[in-house]
Amino acid sequence: MTRQSPGVDHQKADPDTVAIRWLGHALQLLDQRRLPVEEHWLTIEGAAGVAQAIRDMAVRGAPAIGISAAYGVALAARGANNKTWKREVRTAIDQLAASRPTAVNLFWALERMGGVLEQCQSRTDAVSRLADAAVTIHREDLAANVAMADLALDAMKLEKPCSVLTHCNTGALATGGYGTALGVVRKLHSEHLLKRVYADETRPWLQGARLTAWELARDGIPVTLNADGAAAAIMARGDVKWVIVGADRIAANGDVANKIGTYGLAVLARHHKVRFMVVAPSSTVDMSLESGRDIPIEERDGDEICQLGGVRVAPENTTAFNPVFDVTPADLIDLIVTERGVVHTPEMTGMHGLFG
Ligand code: MRU
């Protein structure tokens, strides 16, 4: 598997896993629907293909969605007509924005790309400027992840190695490289402060089983996979000191939308006196929303619950409810770590101090 994207310096973080490669004329995505069975790369040459890959979750994870969409905008300029290029790229931005609703990184990246577009004088200018802007977004995300891992480690003030529990996949596969919550796990491991990471399997899409277990094992990081329902029993054993998760959108009061099941983990963590940390770049913060109640929560097809790997596990015609994110109230969160700094016991004032 190729380990680097042209134009993006992965050396600093030294990630083993890369899920997004920019070829200049096309975008390559490691198809996350096929992992861990197969490492299959999709080559996409237009914005519509990128929007489809996001919708179908060939690429997923809030930062990776934003980065891919940015490359999608760059591809739209390449494929556009010399006369109607600006209108075509604007349409592509709208198309990409309609792909998934919850991860604000998508809209953040598209707004930034739209700003660059408005400054372009010709299609040729747009082709080069939009590609540069997308590479910058990609590169900045990787740098933010490395910075967040350092900040998180300081904030944890660990005196000896401990075990942690995580949910979903927040690693190199979900980001521009290295990872958010899994970036912290990588850092803990490299500093010999990690005994073990428990990875929730993360029903129904199994990001934990299929992606996190795969990604961490490749790096030799001790990972134990558990059923989501085992998290309470694992915390009760006392070995886990931190739950570390990522985010898809953080509201101005510190409420956090993340993969379905995160809220339940936060309740469990509080009961067991396990600390709860959210790690996300500032591109995940949405100060325009007062609280988590305002965050749009994606609902996906019930078949994702009624089937497993294409095999039906529930009776035909079962009615299923499949919200794929939930909102963890800020008062259940001990730390929000971003590359701009750490918000302790998040609430409106602390959030405004860093992001206002
Ligand atoms: O539905 P997904 O797989 O895109 O959801 C991903 C998550 O919920 C992640 O925890 C979140 O995006 C943070 S990734 C660094």
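Read the numbers this way: they start at 1 and go in the same order the structure lists the ligands and their atoms.
- T212 pairs with exactly one of N169, D200, T166 by the side-chain hydrogen bond (donor to acceptor under 3.5 Å, both in side chains) rule, that one being N169.
- Counting atoms of ligand 1 from 1 in the listed order, those under 4.0 Å from a heavy atom of K259 are 1 (O), 2 (P), 5 (O), 8 (O).
- Within 6.0 Å of OH on Y263 lie no more than 12 heavy atoms contributed by other residues, nucleotides or ligands.
- By the 6.0 Å and 45° rule, R210 stacks over the aromatic ring of W205.
- A247 counts as a contact of ligand 1, since one of its heavy atoms falls under 4.0 Å from the ligand.
- When only non-hydrogen protein atoms are considered, atom 7 (C) of ligand 1 lies nearest to D248 OD1, 3.2 Å.
- Within the structure, the closest approach of V324 to ligand 1 does not fall below 4.0 Å when heavy atoms are considered.
- Using a 4.0 Å cutoff on heavy atoms, M57 counts as a contact of ligand 1.
- Within 6.0 Å of CD in E299 there are more than 12 heavy atoms belonging to other residues, nucleotides or ligands.
- If you number the atoms of ligand 1 from 1 as listed, the ones under 4.0 Å from a heavy atom of F325 come out as 1 (O), 5 (O), 8 (O).
- In this structure, H271 places its NE2 atom where only 12 or fewer heavy-atom neighbours from other residues, nucleotides or ligands lie under 6.0 Å away.
- Grouping Ile, Leu, Val, Met, Phe, Trp and Tyr residues whose side-chain heavy atoms lie under 4.5 Å apart, directly or via other members, places V197 in a hydrophobic cluster with M148, L151, L153, M156, L158, V164, L182, V184, V185, L188, L193, L194, L216, I221, V223, W242, I244, M277, V279, L335, V337, V342.
- Counting heavy atoms closer than 4.0 Å to ligand 1, residue T170 contributes atoms from both its backbone and its side chain.
- No donor-acceptor distance shorter than 3.5 angstrom exists from the side chain of T84 to the backbone of R87, with no hydrogens or angles considered.
- Put simply, no part of W205 is less than 4.0 Å from ligand 1, judged by heavy atoms.
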Which donor-acceptor pairs under 3.5 Å do side chains of residues 309-320 form with protein atoms, sequence neighbours excluded?
residue, atom, partner, partner atom, Å
R312, NH1, A314, O, 3.1
R312, NH1, P315, O, 3.2
T318, OG1, P315, O, 2.5

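- Scanning the protein for heavy atoms near atom 15 (C) of ligand 1, the closest one is T180 OG1, 3.1 Å.
- Contact annotation for A62 and ligand 1: heavy atoms of both the backbone and the side chain come within less than 4.0 Å of the ligand.
- Listed by atom number, the atoms of ligand 1 under 4.0 Å from T175 heavy atoms are 15 (C).
- Per-residue contacts place Q207 under 4.0 angstrom from the following atoms of ligand 1 (heavy atoms of the residue considered): 1 (O), 2 (P), 3 (O).
- Taking 4.0 Å as the cut-off, R100 counts as a neighbour of ligand 1 on heavy-atom distance.
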